[in-house]
There are 2 protein chains.
Amino acid sequence: MLDVRRLHLLRELDRRGTIAAVAQALTFTASAVSQQLSVLEREAGVPLLERSGRRVVLTPAGRTLVTHADAVLERLELAVSELAGAREGIGGPLRIGTFPSGGPAIVPATLAELARRHPALEPMVQEIDSARVSDGLRAGELDVALVHDYDFVPASPDTTVDQVPLLEESMYLATGTVSGTGRVARGEKLAELLGPWAMSPWITARDGTTGHAMAVRACQAAGFQPRIRHQVNDFRTVLALAAIGQGAGFVPEMATTHAPEDVVLTRLPLFRRSKVAFRAGGGTHPAIAAFVAAARTAVGTKGGASP
Amino acid sequence: MLDVRRLHLLRELDRRGTIAAVAQALTFTASAVSQQLSVLEREAGVPLLERSGRRVVLTPAGRTLVTHADAVLERLELAVSELAGAREGIGGPLRIGTFPSGGPAIVPATLAELARRHPALEPMVQEIDSARVSDGLRAGELDVALVHDYDFVPASPDTTVDQVPLLEESMYLATGTVSGTGRVARGEKLAELLGPWAMSPWITARDGTTGHAMAVRACQAAGFQPRIRHQVNDFRTVLALAAIGQGAGFVPEMATTHAPEDVVLTRLPLFRRSKVAFRAGGGTHPAIAAFVAAARTAVGTKGGASP
DNA sequence: CATCGAGCATAAGGTGAGCTTACGCATGAG
DNA sequence: CTCATGCGTAAGCTCACCTTATGCTCGATG
């Protein structure tokens with residue numbers, strides 16, 4: 001019988017790339033991980049890893065074994081979800097990850113709703129980069145997370161994480177009221193709307209984020225390379241900068257409600273989809289289901305089931 | 001993360017009924033099993049067992065957890081099968097269980113074929129009652145087993161064991177050549193064929209076997225209760241007893257090839273199906289696949305895939 | 001009804017699996 | 001060249017898990 005804990009290590013190695021990273025993520029020493037993987041390899045009777053430079057990579061046999069590990073761990077997650085459902089009442093800690101812009105907008109309303117429905121639940125919120133969400137979920141640091149993706153930036157498919165759609169918002173172009181320049185958008189297509197600001201400085205999210213990638217690719221799709229002057233994640237700051245003529249930027253609908261008066265907002269045919277993510281198999285966990293329901297109520301989603 | 005070893009114990013408890021039986025099957029003490037199940041229950045946070053008299057029974061939550069355990073263990077079995085497939089060559093021990101009548105007929109031919117194709121394989125044959133096959137498979141005492149079922153005796157569905165059909169034989173009625181009694185079967189229906197021997201003594205397999213149950217139910221279906229005089233599992237003995245007028249008995253086609261001359265054999269519209277059984281998920285294991293293929297060759301099955 | 005064995009749970013103690021620390025070696029960056 | 005990074009092995013320690021011992025309850029049996 002293969003040891004599932006060792007399969008878990010193999011899966012993490014496949015995801016994270018180095019034994020040292022696995023060890024750090026699971027709060028072990030690298031030595032322990034190395035030893036356990038050696039045992040797994042001996043049990044398997046087939047080479048699962050091979051050195052590549054100073055790292056290790058999985059052999060084909062190792063990679064197919066990871067797919068089995070995914071299936072097994074997903075089923076175990078489903079089992080704990082059902083057990084939690086059998087326990088009467090919803091309570092205990094719930095570790096919630098959120099993208100930074102979800103902080104002011106979605107999270108408070110969701111937590112308020114959640115507290116009203118399930119007072120015994122102890123939500124623990126933590127800001128986290130979208131790219132690190134799936135690691136955090138798998139490592140058990142997070143139970144559920146608010147994530148989003150944009151047009152032009154497809155979310156990488158990850159079989160270890162399930163997602164439920166929460167909200168779809170239009171993106172807006174935020175610009176200053178520059179008098180006399182004649183830069184006014186006409187038309188409905190993205191290229192027509194963005195075109196007038198091809199030469200303008202731009203305000204985007206920080207490099208390495210999906211928001212940054214979205215901004216660059218949207219401008220490229222409109223036929224130009226944006227000159228990025230400011231890199232700011234906070235949309236209120238983006239709006240404030242745009243208002244004083246420091247450049248053009250993208251903000252989601254959610255951020256437009258309290259925009260400064262002297263900022264010009266143009267709705268774009270470009271969308272941001274917010275989702276709730278959790279470990280594959282965890283969708284039936286009552287606390288997670290409750291979080292999803294509360295979030296939907298908070299943002300006003302009209303029904304709709306999982307993808 | 002639920003411990004799969006403990007889930008395995010819970011599954012065995014569900015199947016075997018008592019903690020003591022589980023302990024014996026897995027060569028533990030009952031105390032160890034009890035302790036591990038207690039830990040599992042604490043981890044689950046839900047009562048999984050409850051005392052019932054001096055035994056324990058699973059709660060509904062416990063039983064649903066067993067279905068998850070089945071799924072997880074099947075997937076792990078599939079994983080080891082694939083790993084064995086990745087290892088080049090087929091070899092090592094293969095523990096084979098067989099019903100007693102398979103001993104002389106099917107097993108030698110199968111092993112000969114197997115040895116020709118895979119000399120490195122070390123088959124280990126062991127006679128085993130049909131009723132104990134699935135326990136033996138799950139406990140790892142057996143890797144593969146020859147089993148059969150009869151009309152009137154449906155095999156109990158068991159999700160932890162997969163089966164592949166191997167052979168379907170007609171059953172024959174074996175009787176003596178009693179002169180002058182006028183007991184000659186006319187017709188094609190079971191009742192017509194068995195009817196003349198309603199008052200005869202009968203020779204069946206030993207009580208508690210599927211062969212015994214089949215004989216009784218076939219006679220009941222024909223409208224009478226058989227008076228059982230002899231209980232013998234060996235079909236050659238059945239034929240010899242029938243030949244000397246000691247009663248009527250059922251034998252499978254396979255046993256009729258070297259029947260005594262003074263026995264009367266009547267083909268019945270009643271069938272015995274032989275199958276190869278193995279742990280769920282084990283069908284892709286190369287040694288098991290090789291055994292199935294060899295057995296099919298040995299008995300002359302014409303193709304056909306799993307059920 | 002009294003007795004006894006079967007079955008399970010708990011307490012106490014021993015042992016090995018699995019962890020950490022320590023160290024050596026190879027690789028690739030600066 | 002030099003050094004940091006990453007992996008593997010050796011040695012030792014700790015705790016999880018198993019066994020033994022014991023008690024309790026239930027149900028079969030005379």
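Here the structure is a predicted model, which means the values were calculated and not measured. Just so it is clear: chains get the letters A, B, ... in the order the sequence lines come, proteins before strands, and each one is counted from 1.
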Whole-Å distance between [N] [atom2] and [X] [atom1]?
X	N	atom1	atom2	value
A:Glu43	C:dG18	CD	P	8 Å
A:Arg55	D:dG8	CZ	P	13 Å
B:Phe28	D:dT19	CZ	P	7 Å
A:Leu40	C:dG18	CG	P	12 Å
A:Leu9	D:dC7	CG	C1'	15 Å
A:Gln24	C:dT20	CD	P	13 Å
A:Leu13	D:dG8	CG	P	9 Å
A:Asp3	D:dA16	CG	C1'	14 Å

Counting side-chain heavy atoms from CB outward, which of [options] is closest to [X]?
X	options	value
A:Arg54	C:dT10, D:dT5, C:dG7	D:dT5
B:Ile19	D:dA4, C:dC19, C:dA9	C:dA9
A:Ala32	C:dT20, D:dC18, C:dA9	C:dT20
A:Arg5	D:dC7, C:dT20, C:dC19	C:dC19

Counting only side-chain N and O atoms of [X], is one of them less than 4.0 Å from OP1 or OP2 of [N]?
X	N	value
B:Thr29	D:dT19	yes
A:Ser31	C:dT20	no
B:Thr18	C:dG7	no

Under a 4.0 Å threshold between the charged nitrogen and the carboxylate oxygen, would B:Arg15 count as salt-bridged to B:Asp70?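 Yes, this pair counts.
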Report yes or no: does A:Thr59 contribute a side-chain atom to a donor-acceptor pair with the main-chain N or O of A:Pro47 at less than 3.5 Å?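 Pair found, side chain donor or acceptor close to backbone of A:Pro47.
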Tell me if a side-chain donor or acceptor on B:His118 pairs with a main-chain N or O of B:Ala120 at a distance below 3.5 Å.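 Pair absent, no side-chain N/O of B:His118 close to backbone of B:Ala120.
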Hey, does B:Val56 reach any base, or is it just sugar-phosphate, or nothing, if we go heavy atoms under 4.0 Å?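 Result for B:Val56 = sugar-phosphate.
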Find which nucleotide of DNA chain D each of A:Gln35 and A:Arg51 is nearest to by heavy atoms, and output the residue with the more 5' nucleotide.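 The residue closer to the strand's 5' end, by nearest nucleotide, is A:Arg51.
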Pairs under 3.5 angstrom only: tabulate donor-acceptor contacts from the side chains of residues 136-149 of chain A to other protein residues two or more places apart or in another chain.
unit_1, atom_1, unit_2, atom_2, d
A:Arg138, NE, A:Glu12, OE2, 2.7
A:Arg138, NH2, A:Glu12, OE1, 3.3
A:Arg138, NH2, A:Asp135, OD1, 2.9
A:Asp143, OD1, A:Arg279, NH2, 3.4
A:Asp143, OD2, A:Arg95, N, 2.9
A:His148, ND1, A:Arg272, NH1, 3.3
A:Asp149, OD1, A:Arg273, NE, 3.3
A:Asp149, OD2, A:Lys275, NZ, 3.1

Under a 3.5 Å cutoff, is there a donor and acceptor pairing between the side chains of A:Ser31 and A:Gln35?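 The answer is yes; a qualifying pair exists.
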Could you check A:Val33 against A:Ser52 and say which one's nearest nucleotide on DNA chain C is further toward the 5' end?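 Its nucleotide being nearer the 5' end, the pick is A:Val33.
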